[in-house]
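When a ligand or atom number is given, it counts from 1 through the structure's own listing order.
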Amino acid sequence: MAKPLVPIIVKLGGSVVTYKDTLFKPNISVIDRLVKEILKANIESLIVVHGAGSYGHPVAMEYKINDGYKSPDQLIGFSKTRQAMMALNKIIIDAFIEQKLPAVSVQPSAFIVTDKGRIEGFDTTIIRKLLNLKMIPILYGDAVVDKTAGFSILSGDQIINKLAVTLRAEKIIFGIDIDGLFTDDPKRNPDAKFVEKITFEELQALFDKIGIADTIDVTGGMYGKISELIYILEKWDKAVIKIINAKQKNRLFNALIDETIICTEIRRR
Ligand code: IPE
């Protein structure tokens, strides 16, 4: 039997696919361009995970979904968060279908349970099957059922962590709205230095410094992303993670075909 293809995993951050400051506003031109870059790169096996941006985050924040179940008033917020994410997911999948790319939605909350916010079981049967069929599974950060807390918010980053480790992915591309990692928040500190390459240990040392949480981000902003990246490299040492600015033309395309680009590359050693 032929060896299963190892998928490339791409995260399209919420700040890339939506206008973060305007409720429920997708960035259609960026979504369309990124899908065209994926088409052009002609990847054999690909999984895309997208974030929430101005869809999931503001709703989840309003109803304190990430705090777990505290009162019945939150229930409608749980529904609304899921609905918002499905709406964004549809827009993104439509863009793939428009380019005749066979993308399919895989709803995380329909197969993932968390316990205190961390993924418990993770059955990749459907995802593997879709990949074997040469389809593109598209997942997203979602509002999920939690064993202890009742419900919680599951970030796309934690899903990527689990996918990367379980499927032994060697290339993980994180698309965000800045060029990569900095020694501090470049939006607030002009002296922040860009990090081109970094190892697992160096990243851990930097970890405490990058405590940036966007005000409407319920999953911890850059801080949350970095911690999830660390967990990937802790468990799976062949992973190479590239953090790229997906808002810049052709960065995703070049990252997919291994061209040199401005980005932060993270390896185990
Ligand atoms: C958050 O997912 C999911 C919800 C708030 C429902 P992410 O944490 O992956 O989203 P972004 O990329 O930061 O927007």
Task: Member of Leu181, Ile160, Ile266, Val10 meeting the side-chain contact (heavy atoms from CB on, under 4.5 Å) criterion with Phe174 - done: Ile160
Open item on the list: Can you tell me which portion of His50 lies within the under-4.0 Å heavy-atom range of ligand 1? Options are side chain, backbone, both, or neither.
Closed with: neither
Task: Which of the ligand 1 atoms, numbered from 1, are nearer than 4.0 Å to a heavy atom of Gly13 - done: 12 (O)
TODO: Among Ile91, Leu88, Leu12, find the residue that satisfies the side-chain contact (heavy atoms from CB on, under 4.5 Å) test when tested with Thr18.
DONE: Leu88
Open item on the list: Under 4.0 Å, heavy-atom basis, I'd like to know which part of Thr81 is in contact with ligand 1: side chain, backbone, both or neither.
Closed with: side chain
TODO: For Gly14, counting its heavy atoms only, list the atoms of ligand 1 lying under 4.0 Å from any of them.
DONE: 11 (P), 12 (O), 14 (O)
TODO: Could you check Ile138, Val35, Ile92 and say which one makes a side-chain contact (heavy atoms from CB on, under 4.5 Å) with Val48?
DONE: Ile138
- [ ] Compute whether any side-chain donor of one residue and acceptor of the other, for Ser152 and Thr114, lie under 3.5 angstrom apart.
- [x] yes
Task: Heteroatom distance test (Lys11, ligand 1): nitrogen or oxygen, under 3.5 angstrom - done: yes
Open item on the list: Below the 3.5 angstrom mark, is there an N/O of Met85, backbone or side chain, next to an N/O of ligand 1?
Closed with: no
Task: Contact (N/O only, under 3.5 Å) between Ala52 and ligand 1 - done: yes
TODO: Describe, in one word, how the ring planes of Phe194 and Phe182 are oriented to each other, choosing from parallel (under 30°), tilted (30 to 60°) and perpendicular (over 60°).
DONE: perpendicular
Open item on the list: Does any N or O of ligand 1 fall below 3.5 Å from an N or O anywhere on Gly156, backbone included?
Closed with: yes
Open item on the list: If we check salt bridge (Lys or Arg N to Asp or Glu O under 4.0 Å) with Glu228, which of these qualifies: Arg118, Lys162, Lys235, Lys11?
Closed with: Arg118
Open item on the list: If the condition is ring-ring contact (aromatic ring centres under 6.0 Å, His included), which residues does Tyr63 pass it with, not counting sequence neighbours?
Closed with: none
TODO: Over 60° means perpendicular and under 30° means parallel, so classify the ring planes of Phe151 and Phe78, tilted if in between.
DONE: parallel
Open item on the list: Between ligand 1 and Arg82, can you find any atom pair, the residue atom being a heavy atom, that is separated by under 4.0 Å?
Closed with: no
TODO: Return yes or no for this condition: an N or O of His57 is under 3.5 Å from an N or O of ligand 1.
DONE: yes
Task: Contact (N/O only, under 3.5 Å) between Gly53 and ligand 1 - done: yes
